[in-house]
Amino acid sequence: MSEYKPADIEPKWQEYWLNNKTFRTDHNDRERPKFYVLDMFPYPSSAGLHVGHPEGYTATDILARYKRMNGYNVLHPIGWDAFGLPAEQYAIKTGTHPRDTTNQNIDGFRRQLQALGFSYDWDREVNTTDPAYYRWTQWIFLKLYEQGLAYEASVPVNWCPELGTVLANEEVIDGKSEVGGFPVERKPMRQWMLKITAYADRLLDDLNDLDWPESIKEMQRNWIGKSEGANVIFPMKAGTSSVEESIEVFTTRPDTLFGATYMVLAPEHPLVNRITTGEQKSAIASYRNTAAKKSDLDRTDLNKDKTGVFTGAYAINPVNKEEIPVWIADYVMMSYGTGAIMAVPGHDERDWEFARKYDLPIIEVVKGGDVTKEAYVDSEEGVCVNSANDEVSLNDLPVPKAKKVITKWLEEKDCGTHAVTYKLRDWLFSRQRYWGEPFPVIHVDGKPKPLPEDHLPITLPEMDDFQPTKTGEPPLAKAKDWVNTTDPDTGKPAVRETNTMPQWAGSCWYYLRYISPDYEQGPVDPEMEKYWMPVDLYVGGAEHAVLHLLYARFWHKVLYDIGAVSTKEPFYRLVNQGMILGELEFTAFKDAAGEYVTADRSGLSDELERIKLLEKDVEKRGDRFVIKGTDTVVDARSFKMSKSRGNVINPDDVVAQYGADALRLYEMFMGPLEQVKPWSMQGVEGVYRFLKRVWRLIMDEEFGGVNEAVAHSVNDDGSPAVQPDRAQLKLLHETIKKVTADIEGHRFNTAISALMIFTNEAMKWEVRPVSVLKPFLLILSPFAPHLAEELWAKLGALSGKQANGTDFPSNGPTEDGGTLAHEAWPKYEEALLRADSKTYAVQVNGKVRGQIEIPADRSSEKDFVLDAARNEPGVRRHLEKGNVVKEIFVPNRVINFVVK
RNA sequence: GCCGCCGUGGUGGAAUUGGUAGACACGUUGGACUUAAAAUCCAAUGGGCCUUAAAAGCCCGUGCCGGUUCGAUCCCGGCCGGCGGUACCA
């Protein structure tokens, strides 16, 4: 008995690869071309891997294995992004030290990844929580500080009392914490900030050089949010305020200045108190109070209904000396631009709405719309009107030209400048948590002071109480012995920084550490860095489109500026794997009376009872599914995998049932890598059957050992007993060609399809030459490495280890002969692909009416082929219906007769 | 609202980017093997028309409507639907 049993062969080969360090990347090998293929390293959660992880990991593993066989020096590492909130939350609940939880989870992840046969160099594993690693995270922070890119500020932050920490804007969703969904309020606190805004332009411009999905680049562009316009200064009307003040606004539409009929300050704007007149004071105070209490969610909810209060003060429009009222309203944000706007209701939708509500004047200054009906916002087509004073006129100028003219005038008059504003804000870089990198900073006499490099790493103190304090002080503040220290320079008493870095810190530079994980003189060995960088391919989920990828680019550019790295960008090529959804679900709906209701996408009320149906209970009707035999439409869709929905697939279960090779193969066979795709257990079954077929292609299930069809192809001494025939060679070389091109193009699904076609054909051969099967195993091996290794060993035993029985030499750095991992990738021969005959499709008026076979050596002779086409019976019948007015001849493909 | 991506059989998806739409796989149906099941193998499988039946043939068909072309899943214009991101950003 010798069936395909992945449970027997997979662990064996995994152990072999580990023990022999088959995939170790040699430090000294820098002659060959390099290929650095990188996975986004995982956060090792207690839940273990989900099937989304192996998707990207399998793709990169296929490429790593393929490139190795093509003679490249491949760097294919993995590690752990292991700081973070879940381990700390768990510690608070159970008292287990986050380090212990983290290490357990890492062990689990490592075991799972190894069980999938990924060809990582396990000697390069990095772990962001390892002091030997975060020593360099801290070092980079010191560099940022030296560059003036790290500073302390008291900023209103998103304070989440429940989690006892502040959150970054991106960790707050709809006014609630992303983790846990707890309410979040604004509270000013002392924080570390990183000046990412100083790099905004470079982060934006250098996107153009990157081979990334356009959608990701666009998201980063939007996130940076660069706008060009002008800052304009509006002096206050004399006497309306106690001091001489002016309001500076940012506008992208300086061309509409003549249409500014009022101004709006953000409620938090510092000028508000100073300009508000006596009788307005109480109204303003109460409005500001309400606004301060509103969360971001509330503010957006009020989207439609704008509110505001008049300050009683007036400003002077610099272009026409008009006195215009100054209001406050919460549709103006303090955090963008200058926190104040000039309102041009004629040409801005928000201002128009506000002006309508409070009866403020609306003036048309750009022709093209009807400002009594709606704001006219077109900035390309419009032409300025009503826009002139004694010195300058914009009238009849198109908008872009008018912007330039008025900006120049403002600059001459000293009441404005050309200005650029970004949506991007400085990066809030500290967290009130225990389980993160400590800052290498002490406070002496209340002032921050960086510690010298030779004090690194600053390790976390041992603690057993990880509970945050109610005041927002970080848990580290409780470690009094650790906190109280002395300044190494002066010996003065000092206190350590008790905030820790956010989780993003460690992942900002890990791709550098893999290059020289044991290097002691810096984050990365400069010699090695020059050889390995940049990363040739980075694969990961689109959820990191903005934050991780923007932060990492920022750090990389800083490291580039100080000469620590040699490339401007870390990742020139990026691919996002698409999310894997749960299995397709059919859901029917019952109303309160228990009657089935047709599923209507728009109005699925929560009142309805949801009934899960099986595939056999439904049928297709038009473009929808209905309950079999009825007209009741059901909802048919796949959902994101989630614990609550109960549709999570655990890779361990798949491996246990079908093996790692089947899981790998299925993940790739589902569809294009970048696409969102639903999981299907039956699909796994399908590729598993394919692997069993490959097994039987070579092995005899009944008697064990290599089957007769294969054994008969060699003599007892291992020499070939038969030569492969032309058809066999043609199929082999076609498959090599297709699989090679598909791997290069990341079309793994169609590569697998080609391997299936080969197998289906080869199963029919009565004699299966080893010299054909061996190259097939080589091209199968990146996809299903365990099975390929096993069968390769069986064929090796059959044909002798010396000659590998193929025309393809071994070229690997390891010569142990026991693995195919370093065999040369087979090359196809064009001559063997040639067919004896070519098939033409023959069309009449664009419709296929027949096919003709033409001997290959005559297939380009137009007259000969056309003649054969005309004589094809199915074609002739249609030609007789009229006169041929045109003949289209596409060599080796198609003929089209146009008949009238 | 804005930005980006995507609509192909019962299902996942192919189609050398303008040249035989539906490769490969799942599912389904029928058959073989088996005491039986599993496994395996063989055949059919987009919808419809014609025909006693088969072969052959014909019509329709890549979200919808139109255009360019000898020929369109592919290019252009206009809609509809789905997914993701983002949102008072001045």
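Just so we're on the same page: letters track the sequence lines, and every chain starts at 1. None of these values were measured; they are calculated from a predicted model.
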Can you tell me how far [atom1] in [N] sits from the matching atom in [M], rounded to whole Å?
N	M	atom1	result
B:rC42	B:rC33	C1'	11 Å
B:rC79	B:rC70	P	28 Å
B:rG57	B:rU40	C1'	38 Å
B:rU73	B:rG7	C1'	11 Å
B:rG66	B:rA23	P	29 Å
B:rA38	B:rU34	P	15 Å
B:rG77	B:rC6	P	16 Å

Practice item. Could you check how far CD of A:Q851 sits from P of B:rU20, rounded to whole Å? Key: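 From A:Q851 CD to B:rU20 P: 10 Å.
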
Check your understanding: Got a salt bridge between A:R221 and A:E218, using NZ or NE/NH1/NH2 to carboxylate O under 4.0 Å?
Key ->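 The answer is yes: the pair qualifies as a salt bridge.
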
Exercise for review: Would you mind checking if A:R253 and A:D348 are paired as a salt bridge, meaning a charged N to carboxylate O distance below 4.0 Å?
Suggested key: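 Salt bridge absent between A:D348 and A:R253.
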
Review point. Tell me, for nucleotides 55-65 of chain B in 5' to 3' order, what letter each nucleotide earns: B for a base near a protein heavy atom under 4.0 Å, S for only sugar-phosphate near one, - for neither?
Key: --SSSS-----

Check your understanding: Can you give one letter per nucleotide of nucleotides 24-31 of chain B, going 5' to 3': B for a protein heavy atom under 4.0 Å from the base, S for sugar-phosphate only, - for none?
Key -> BSSS----

Point to revise | Closest contact, heavy atoms only, A:Y358 versus A:T307 | key: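 Closest approach of A:Y358 to A:T307, heavy atoms only: OH-CA, 3.3 Å.
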
Exercise for review: Could you work out which one of B:rA90, B:rU20, B:rU40 sits closest to the side chain of A:T252?
Suggested key: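 Selected nucleotide: B:rA90.
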
Check your understanding: Out of B:rC70, B:rU16, B:rG85, which has the shortest distance to the side chain of A:R893?
Key ->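 Among the listed nucleotides, the one closest to the side chain of A:R893 is B:rU16.
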
